[in-house]
Q: 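Provided herewith is a single structure, encoded as structure tokens, for subsequent inquiry.
Everything numeric here is computed off the predicted structure, so don't read it as measured data. Position 1 is the first residue of the sequence, and the numbers go up from there.
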Amino acid sequence: MNDQQSGSTTSTLFDYAPAPESRSVVDIAPSYGLFIDGEFREAAGGKVFTTHSPADEEVLSEVAYGQADDVDAAVRAARAAFETWSALPGTERSKHLFRIARIVQERSRELAVLETLDNGKPIRETRDADLPLVAAHFFYYAGWADKLSYAGCGPDPRPLGVAAQVVPWNFPLLMLAWKIAPALAAGNTVVLKPAETTPLSALFFADICRQAGLPSGVVNIVTGDGATGAALVGHPDVHKVAFTGSTAVGKEIARTVAGTDKRLTLELGGKGANIVFEDAPLDQAVEGIVGGIFFNQGQVCCAGSRLLVQESVHDEVLDALKRRLRTLRVGDPLDKNTDVGAINSAEQLARITELAEAGEAEGAERWSPPCELPERGHWFAPTVFTGVGQAHRIAQEEIFGPVLSVLTFRTPEEAVAKANNTPYGLSAGIWTEKGSRILKLANQLRAGVVWANTFNKFDPTSPFGGYKESGYGREGGRHGLEAYLEHA
């Protein structure tokens with residue numbers, strides 16, 4: 001073992017040998033087309049783009065760049081398939097969803113490696129968190145497909161039609177599952193546009209749809225960039241738009257949809273507060289703080305990016321937090337010992353860097369544990385800012401990276417006021433031994449999800465969504481079906 005000295009604090013670390021997951025379990029083709037009407041095809045304009053591994057900038061594959069003509073073809077395929085798919089008994093749609101869930105489980109190791117290569121997140125996260133939740137969502141909504149009359153949308157709810165779905169790069173396959181599973185269970189058909197930096201898992205999912213015997217045209221996948229997504233959202237034959245991503249793009253989509261009869265749900269940015277009281281189980285809270293902000297390199301819309309800690313335990317919590325951060329391992333995402341992987345893109349890394357520099361310029365104190373960052377790829381060390389004021393940009397803007405801003409409070413009222421002092425309202429965490437305090441604060445916090453003595457816990461039966469600039473509508477649970485159904 002090594003003894004690593006930092007100031008007056010000594011922490012003992014194990015030297016772990018590298019434990020890389022094999023890349024051979026996934027076979028990435030040199031190029032991929034668009035998935036329309038059950039078949040892969042080239043883009044109408046013949047344009048392509050490349051997708052890279054964030055960890056080493058290696059080109060993974062060449063992908064078709066879909067444009068307006070391709071979007072139109074996908075929507076027409078979805079409209080044609082809707083008549084048959086929506087007319088199927090719920091039990092038959094359920095069988096397809098159940099098959100998809102089982103195939104996801106069977107191919108979970110392959111998909112986990114693929115997601116890590118394309119996204120940059122550690123393999124133990126894709127393997128132990130993302131993929132089990134993907135399968136769980138398809139299993140859950142398979143159970144709803146023949147019970148829609150009990151979903152709270154009337155005795156005979158009907159599907160809307162074609163759902164346009166645009167998903168982000170931070171949880172490519174999981175966000176796909178959040179959207180496609182309830183849409184199909186309700187009897188809708190889908191055109192999905194994955195993020196341009198992480199298209200591969202969606203294209204592999206297209207193959208899963210064929211493997212599961214899903215009828216042609218029920219799920220269509222059009223890859224491309226923001227212009228592709230805009231063409232899909234604005235298509236006149238789309239009945240429902242679901243978007244997860246940045247607040248800025250969400251506002252653009254809302255303006256596009258305004259004045260039409262399209263249904264819209266938006267799951268946007270966040271600036272979640274993790275509130276730690278003096279009576280909290282502090283060791284447990286520190287683990288929750290670390291998981292809340294450094295899971296997936298902080299590239300999580302509901303990340304606990306603001307730590308609100310009661311003044312009386314501020315020093316104790318910060319000392320424990322810094323000791324814990326010295327044990328984090330930053331590096332190869334395919335290594336099973338890695339805790340913090342690569343930032344998804346050079347553009348996102350530049351955004352994180354710019355906001356971190358703004359934090360220093362505004363007077364906050366910056367600290368990172370000693371760690372060597374790889375020379376190639378996109379990397380950012382876990383970072384903690386203390387002495388943060390509420391007006392600082394790092395306390396107000398979504399950084400979407402491994403950066404924690406620490407503020408203090410004295411009373412529960414002050415904690416609530418500071419937690420709500422943000423344009424966002426997606427998530428919050430409360431750490432205390434008093435159940436009555438948890439219930440009282442949870443009702444006062446303007447956040448779509450509030451965790452008690454834990455953070456970043458998800459379940460397909462539980463709805464998720466936000467307030468204010470974090471969007472509107474809910475995904476997950478029975479509530480996730482409502483956005484895809486209309487009253488008869």
Side-chain angles (χ1 to χ4, degrees), residues 32-41 64 66 70-104 107 134-135 137-148 151 157-167 172-173 175-194 199 201-223 228 232-233 235 237-242 262-263 265 475 480-481 483-486:
Y32 288 93
L34 312 173
F35 185 69
I36 298 175
D37 203 18
E39 300 292 338
F40 285 99
R41 63 172 73 172
D70 303 298
V71 168
D72 184 63
V75 172
R76 281 190 282 107
R79 281 184 62 85
F82 173 73
E83 300 302 324
T84 303
W85 178 251
S86 62
L88 282 178
T91 51
E92 293 302 310
R93 293 198 301 272
S94 176
K95 290 177 184 177
H96 286 288
L97 289 168
F98 190 86
R99 288 190 200 110
I100 289 171
R102 288 300 303 270
I103 294 169
V104 167
R107 298 178 62 175
V134 170
H137 276 80
F138 279 102
F139 277 128
Y140 175 71
Y141 284 108
W144 267 113
D146 63 344
K147 305 174 186 67
L148 298 178
R158 305 294 174 82
L160 300 175
V162 177
Q165 302 178 331
V166 182
V167 296
L173 198 55
M175 294 298 98
L176 175 153
W178 277 27
K179 288 175 169 54
I180 288 182
L184 298 192
N188 301 277
T189 53
V190 167
V191 180
L192 180 126
K193 205 289 286 186
S201 54
L203 295 168
F204 271 57
F205 181 79
D207 186 58
I208 288 174
C209 290
R210 294 200 299 190
Q211 189 178 348
L214 195 70
S216 297
V218 173
V219 170
N220 306 272
I221 295 171
V222 180
T223 49
T228 311
L232 176 58
V233 168
H235 197 286
D237 290 333
V238 161
H239 303 90
K240 165 75 173 73
V241 176
K262 296 176 183 177
R263 291 269 198 95
T265 51
E475 294 183 304
L481 288 167
Y484 293 96
L485 292 169
E486 61 180 357

Q: So, do Asn188 and Val162 sit near enough that their side-chain heavy atoms are less than 4.5 Å apart?
A: no
Q: Working to the nearest 0.5 angstrom, can you tell me the gap between Ile208 CD1 and Ile103 CD1?
A: 6.5 Å
Q: Hey, are Arg93 and His96 close enough side-chain-wise for a donor-acceptor pair under 3.5 Å?
A: no
Q: Could you measure the distance from the CG atom of Leu184 to the OG atom of Ser94? Nearest 0.5 Å is fine.
A: 11.5 Å
Q: If every non-hydrogen atom of Val219 is compared with every non-hydrogen atom of Phe35, which pair is closest and at what distance?
A: O-CE2, 3.3 Å
Q: Where is the tightest heavy-atom contact between Ala151 and Leu481, given as atom of each residue plus distance?
A: CB-CD1, 4.1 Å
Q: If you apply the rule side chain to side chain contact (heavy atoms under 4.5 Å, CB included), what do you find for Leu232 with Val75, and how did you get there?
A: CA-CA 8 Å; Leu232 176 58; Val75 172; 4.1 Å; yes
Q: Can you name the nearest heavy-atom pair linking Val238 to Ala164, along with the distance?
A: CG1-CB, 3.5 Å
Q: Taking it one step at a time, do Leu214 and Trp85 satisfy side chain to side chain contact (heavy atoms under 4.5 Å, CB included)?
A: CA-CA 10 Å; Leu214 195 70; Trp85 178 251; 3.7 Å; yes
Q: Under a 3.5 Å cutoff, is there a donor and acceptor pairing between the side chains of Arg107 and Gln211?
A: yes
Q: Using the rule side-chain hydrogen bond (donor to acceptor under 3.5 Å, both in side chains), only one of Glu475, Gln165, His137 pairs with Trp178; which is it?
A: His137
Q: Under the 3.5 angstrom rule, does the side chain of Asn220 hit a backbone N or O of Gly217 as a donor-acceptor pair?
A: yes
Q: Are the side chains of Phe40 and Leu34 in contact, using a 4.5 Å heavy-atom criterion?
A: no
Q: Rounded to the nearest 0.5 Å, how far apart are CG of Asp72 and CG of Asp237?
A: 7.5 Å
Q: Is it the case that the side chain of Lys262 and the backbone of His235 share a donor-acceptor pair, with hydrogens and angles ignored and the cut-off at 3.5 Å?
A: yes
Q: Count the heavy atoms belonging to other residues, nucleotides or ligands that lie under 6.0 Å from CZ of Arg99, then report whether that count exceeds 12.
A: yes
Q: State, to 0.1 Å, how close Pro194 and Ile221 come at their nearest heavy-atom pair, and which atoms those are.
A: CD-CG2, 3.9 Å
Q: To the closest 0.5 Å, what do you measure between CD (Glu83) and OG1 (Thr189)?
A: 9.0 Å
Q: Less than 4.0 angstrom from a charged side-chain N to a carboxylate O is my criterion; do Glu39 and Arg210 meet it?
A: yes
Q: Please answer whether the main-chain N or O of Ala77 pairs with a side-chain N or O of Asp37 as donor and acceptor at a distance below 3.5 Å.
A: no
Q: Please give me the minimum heavy-atom distance between Pro182 and Ala177, naming the atom from each residue.
A: CD-O, 3.8 Å
Q: Could you tell me if the ring centre of Phe138 sits under 6.0 Å from that of Phe98?
A: no
Q: Between Leu485 and Arg263, what is the shortest heavy-atom contact and its length?
A: O-NH2, 2.8 Å
Q: Tell me, do Val166 and Lys179 make a side-chain contact under 4.5 Å, heavy atoms counted?
A: no
Q: Mind checking whether Phe205 and Val134 have side chains closer than 4.5 Å, heavy atoms only?
A: no
Q: How many angstroms lie between CG in Leu160 and OH in Tyr484, if you round to the nearest 0.5 Å?
A: 9.0 Å
Q: Between atom OH of Tyr141 and atom CD1 of Ile180, what is the distance when rounded to the nearest 0.5 Å?
A: 13.5 Å
Q: Under the criterion side chain to side chain contact (heavy atoms under 4.5 Å, CB included), I'd like the reasoning laid out for His239 against Arg79: C-alpha separation, chi angles, the key distance, then a yes or no.
A: CA-CA 10 Å; His239 303 90; Arg79 281 184 62 85; 3.3 Å; yes
Q: Between Thr228 and Thr223, is the side chain to side chain contact (heavy atoms under 4.5 Å, CB included) condition met? List the steps.
A: CA-CA 7 Å; Thr228 311; Thr223 49; over 6 Å; no
Q: Main chain of Thr91, side chain of Lys95: is a donor-acceptor contact present, judged purely on distance under 3.5 Å?
A: no
